[in-house]
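Just so it is clear, the structure is predicted and the values come from calculations on it, not from any experiment. We name chains A, B, ... by the order of the sequence lines, and we start the count at 1 in each one. Heavy-atom basis, side chains included; hydrogens, waters and symmetry copies ignored.
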Amino acid sequence: MSGRRYERIYAVVSRIPRGRVATYGQVARLAGLAGQARLVGYALSALETGSRIPWHRVVNAAGEISLRQDGGQAGRLQRVLLQRERVRFDARDRISLERFRWRPRS
DNA sequence: CTAGTGACTGTTT
DNA sequence: AAAACAGCCACTA
């Protein structure tokens with residue numbers, strides 16, 4: 001099912017702590033796949049419902065939730081899951097990366 | 001093998 | 001500030 005690249009991506013996403021978010025590009029870089037942000041989105045879309053991977057902590061470079069396909073259902077779920085972790089959204093439905101971006105040590 | 005697609009992003013209009 | 005463009009590459013048909 002999952003290739004080597006997907007596993008690396010999942011391993012990075014799993015390290016994002018509660019109350020923090022990472023961007024697709026950031027996850028790609030940390031997984032050793034610089035410049036392949038789209039692959040991260042592709043890998044997350046392949047996750048099954050109920051997966052243990054904290055997929056909801058990954059947002060786009062603008063600090064917005066990026067889920068275009070599902071009519072907004074999963075997007076609303078992602079927002080709720082993040083708000084439960086006390087991640088705040090502004091009036092334009094954006095998260096301040098300045099405040100909530102995960103900054104792993106080296 | 002080729003062509004189309006997409007939970008993206010940095011740069012340029 | 002917002003939209004268009006051009007790279008990016010695994011996956012599917």
(request) Verify, without hydrogens or angle tests, whether A:S14 (side chain) and A:Y10 (backbone) share a donor-acceptor contact under 3.5 angstrom. (result)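 Here the side-chain-to-backbone pair exists.
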(message) Just to be sure I understand the rule, does A:L44 reach a base, reach only the sugar-phosphate, or reach nothing, if contact means heavy atoms closer than 4.0 Å?
(response)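 Base contact.
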(request) Just call it for A:R29: base, sugar-phosphate, or nothing, with non-hydrogen atoms closer than 4.0 Å on any strand. (result)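 Contact class for A:R29: none.
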(message) Within the 4.5 Å heavy-atom criterion, are A:R88 and A:I95 side-chain neighbours or not?
(response)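 The answer is no; the side chains never approach within 4.5 Å.
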(request) Taking the side chain as every heavy atom from C-beta outward, state whether A:R94 and A:F89 have any pair of such atoms under 4.5 Å apart. (result)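 In short, these two side chains do not touch, never coming nearer than 4.5 Å.
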Take the protein atom [atom1] of [X] and the nucleotide atom [atom2] of [N], then report the distance between them rounded to whole Å.
X: A:L47; N: B:dG6; atom1: CG; atom2: P; value: 19 Å
X: A:L82; N: B:dA7; atom1: CG; atom2: P; value: 18 Å
X: A:I9; N: C:dC8; atom1: CD1; atom2: C1'; value: 13 Å
X: A:Q26; N: B:dT9; atom1: CD; atom2: P; value: 10 Å
X: A:Q36; N: B:dG10; atom1: CD; atom2: P; value: 14 Å
X: A:R76; N: B:dA7; atom1: CZ; atom2: P; value: 17 Å
X: A:L39; N: C:dG7; atom1: CG; atom2: C1'; value: 14 Å
X: A:Y42; N: B:dT9; atom1: OH; atom2: P; value: 18 Å

(request) Consider the side chain of A:A37, meaning its heavy atoms from C-beta on, and name the nucleotide among C:dA10, B:dC8, C:dA1 that approaches it most closely. (result)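 My answer, after comparing the listed nucleotides, is B:dC8.
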(request) Look at the side chain of A:R38 and decide which nucleotide, out of B:dA7, C:dA10, C:dC8, has an atom nearest to it. (result)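 Nearest nucleotide to the side chain: C:dC8.
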(message) Using the rule given for side chain to side chain contact (heavy atoms under 4.5 Å, CB included), can you reason through A:V12 versus A:Q26, listing the C-alpha separation, both sets of side-chain angles and the distance that settles it, and then say yes or no?
(response) CA-CA 10 Å; A:V12 171; A:Q26 181 182 1; over 6 Å; no
(request) By nearest nucleotide on DNA chain C, pick out whichever of A:R94 and A:A34 is the more 5' one. (result)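 Nearest nucleotide further toward 5': that of A:R94.
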(request) Could you tell me whether A:E85 and A:R57 have a side-chain N and a carboxylate O separated by less than 4.0 Å? (result)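 Yes.
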(request) Compare side-chain N and O positions of A:R5 against OP1 and OP2 of C:dA10 and report whether any pair is under 4.0 Å apart. (result)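 So the side-chain polar atoms of A:R5 do come within 4.0 Å of the phosphate oxygens OP1 or OP2 of C:dA10, strictly under.
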(request) Identify the two heavy atoms, one from A:V59 and one from A:L97, that lie closest to each other, and give their separation to 0.1 Å. (result)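 Shortest heavy-atom contact: CG2-CD2, 4.2 Å.
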(request) Check DNA chain B against residues 54-63 of chain A and give the residues with a non-hydrogen atom under 4.0 Å, in numerical order. (result)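 Within this stretch, A:W55, A:N60, A:A61 sit under 4.0 Å of the strand.
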(message) Once rounded to the nearest 0.5 Å, what's the spacing between atom CD1 of A:I9 and atom CG of A:L30?
(response)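 Taking CD1 in A:I9 and CG in A:L30, the distance rounds to 11.5 Å.
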